[in-house]
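Inspection log for the structure reproduced underneath, given as structure tokens.
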There are 2 protein chains.
Amino acid sequence: MGTEDLRRARTNVRANVRRVPGPCAQWKDEDADFIREVLDLVGDKWSVLIIGTLADGPIRYSHLADAIPGISQRMLTLTLKHLQRTGLINRTSYPEVPPRVEYALTELGTSLLSTVLALAAWSADHHAEIRRRQAAYDRDTGG
Amino acid sequence: MGTEDLRRARTNVRANVRRVPGPCAQWKDEDADFIREVLDLVGDKWSVLIIGTLADGPIRYSHLADAIPGISQRMLTLTLKHLQRTGLINRTSYPEVPPRVEYALTELGTSLLSTVLALAAWSADHHAEIRRRQAAYDRDTGG
DNA sequence: CGGTATCCCACATGATACTG
DNA sequence: CAGTATCATGTGGGATACCG
């Protein structure tokens, strides 16, 4: 990314902050709220993994548990409820024996999916550089 | 978003999951790692707000504290160190009295900024719908 | 001014056991 | 199969005081 891009990015962001009296910018309350809102949604340990798994189509509770290594029943249930409450996923239970329950992304959830995958892509693009810089920092700092 | 978009989104994401034997997809370890990595970076309470504030240009420690309502000195220092270690921001201290320290986004940080702002924009676009759905869920569930 | 050091706690998550 | 209920715990983060 060149200097010009950096300038453009700053200009774009500057539209999101408010000039307050004096030399210092401050977050508009609502913008900070939006950031907090989306972080509450996907900032936890499991939401994004669940959303990503559901991208493959409707899937049952037990298959979600299999697809997401390390998740506990408790956290799977809790996170699913959270996502359902927010309208990101739908829960459909079929009155059969044995019981069957399927979860699926809503359109809202799908629209969020693309955005968080962009974040994951950023991580994939830069994780090598990140590791290099962390190692350098630790070397300079720790010894 | 229409059905066609939804299908496309699913197709895009399906490239990120691995077909395992049997009917169920599972996260590739490295993809889950990328998600965890970026969540560790920006999933906390203050990182994104700091990054967004720095978008306005280099800024001093005390001005950061003013620009981000509610942050404690401890968390400001801690989060700045974290972001610096990852290479998202630079710290420059000027040997004057009184001391002056400025923080600025690196190009890496700026590239992340655009992506997290997309998330904030998603939140801004959908927060009304989200609130509606949460209220409906609570009504249906709670009473 | 720009931090550290220390104490403290709420809460997110995990483990385990039980149920319709 | 698809959950609940209960207990245990690690830690993210706030408050406060102090330091170069």
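Chain naming here is simple, since letters A, B, ... match the order of the sequence lines and numbering starts at 1 in each.
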Any donor-acceptor N/O pair, T106(A) side chain to G87(A) backbone, under 3.5 Å: yes
To the nearest angstrom, the CD-C1' distance between Q73(A) and dC1(D) comes to 9 Å
Open item on the list: Taking T110(B)'s backbone N and O only, do any of them form a donor-acceptor pair with S114(B)'s side chain (distance below 3.5 Å, no angle check)?
Closed with: yes
Hits for salt bridge (charged side-chain N to carboxylate O under 4.0 Å, His left out) against R91(B), two or more places apart or cross-chain, chain-then-number order -> none
| request: Mark yes or no for whether S47(B), through its side chain, and L41(B), through its backbone, hold a donor-acceptor pair below 3.5 Å. | output: yes
Kindly indicate, with the supporting measurements, whether the criterion side chain to side chain contact (heavy atoms under 4.5 Å, CB included) is fulfilled by R133(A) and T86(B). CA-CA 6 Å; R133(A) 290 183 183 277; T86(B) 322; over 6 Å; no
Under a 3.5 Å distance rule, please check whether S123(B) uses its side chain to pair with a backbone N or O of L119(B) as donor and acceptor. no
When rounded to whole Å, the CG to P distance for the pair L76(A) and dA2(D) reads 10 Å
Practice prompt. Would you mind classifying the nucleic acid contact of Y103(B) as base, sugar-phosphate or nothing, using non-hydrogen atoms under 4.0 angstrom?
Written response: sugar-phosphate
- Task: Please step through side chain to side chain contact (heavy atoms under 4.5 Å, CB included) for the pair R85(B) and T141(A), ending with a clear verdict.
- Result: CA-CA 10 Å; R85(B) 180 174 115 96; T141(A) 299; over 6 Å; no
Contact span of DNA chain C against chain B, any nucleotide atom under 4.0 Å from a heavy atom, 5' to 3', runs dC1(C) to dT6(C)
In short, ring pair (Phe, Tyr, Trp, His ring centres under 6.0 Å) pairs touching residues 97-136 of chain A with sequence neighbours left out are W122(A)-H126(A), H127(A)-F34(B)
Those residues at least two apart in sequence (or on a different chain) that pass side chain to side chain donor-acceptor pair (under 3.5 Å) with T77(A) are Y61(A)
Terminal axes of the helix from dC1(C)-dG20(D) to dG20(C)-dC1(D) (5 end pairs apiece), angle rounded to 10 degrees, sit apart by 50°
Reading nucleotides 7-14 of chain D from 5' to 3' and marking B where a protein heavy atom lies under 4.0 Å of the base, S where only the sugar-phosphate is that close, and - otherwise, the string is ------BB
Check your understanding: Does the W27(B) side chain pair with the main chain of L49(A), one donor and one acceptor, at a distance under 3.5 Å?
Key -> yes
